[in-house]
Amino acid sequence: MTHSLHPQTRRGRGPARRIGRSLALVLPVVLVLSGTLAVASVNWSGTPQSPVLTAADTSAAGASSRAAARAPQDVLRDHLLMELQKKDPGAALTQLQQAVNDRPSLAEHCASIARSLGKAAVRLYGPTKAQSYARPVCDTSFASGVVAANG
């Protein structure tokens, strides 16, 4: 006598179920191993492992290698701040727009760079003249930087 009114069907015992069970057993093992290997490959000491890199850091070339290790948006911001001092904020904003057009990955940093330019323009030119250079680069972030530096 069976305890069920409905006989058990053979549904769900096909190749998909076998593949699913295999993945359920193998996938956690693969994830743990790959995570362990990733953590093991990181240099957690903070000191360079290459003697060539250590020698370069102590030489004059060390400064350029550290500059190359900086984030591209930081390098661009510093360059544009120097351009703003040499020429004017308009030239810096034009270069910012060109840099974002050339490297779309910089678009997410465009607003913060433009705000930095606006604040620097107020320090160099005063709020009225700095505002005269405002244009719609990065959603008028330059203008918001001018206002932030002025208020």
For a quick test of reading the model, state the closest non-hydrogen atom pair linking [X] to [Y] and the distance between them.
{"X": "Ala130", "Y": "Tyr125", "answer": "N-CB, 4.2 Å"}
{"X": "Gly145", "Y": "Lys119", "answer": "O-CG, 3.3 Å"}
{"X": "Ala99", "Y": "Leu106", "answer": "O-CD1, 3.9 Å"}
{"X": "Ile113", "Y": "Gln73", "answer": "CD1-O, 3.8 Å"}
{"X": "Val146", "Y": "Gly118", "answer": "CG2-O, 3.7 Å"}
{"X": "Phe142", "Y": "Ala134", "answer": "CD2-CA, 3.6 Å"}

Quiz item: Among side-chain atoms of Asp102 and Gln98, is any donor-acceptor pair under 3.5 angstrom?
Solution: no
Quiz item: How about Leu76 and Gln95: do any of their side-chain heavy atoms sit closer than 4.5 Å?
Solution: no
Quiz prompt | Note, Leu81 side chain near Gln85 side chain (heavy atom, < 4.5 Å) | solution = no
Quiz item: With sequence neighbours excluded, what pairs up with Arg77 under the salt bridge (charged side-chain N to carboxylate O under 4.0 Å, His left out) test?
Solution: Asp74
Quiz item: Mind checking what makes salt bridge (charged side-chain N to carboxylate O under 4.0 Å, His left out) contact with Lys129, not counting sequence neighbours?
Solution: none
Quiz prompt | Approximate separation, where rounding is to 0.5 Å, of Leu84 CG and His79 NE2 | solution =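 It comes to 11.5 Å.
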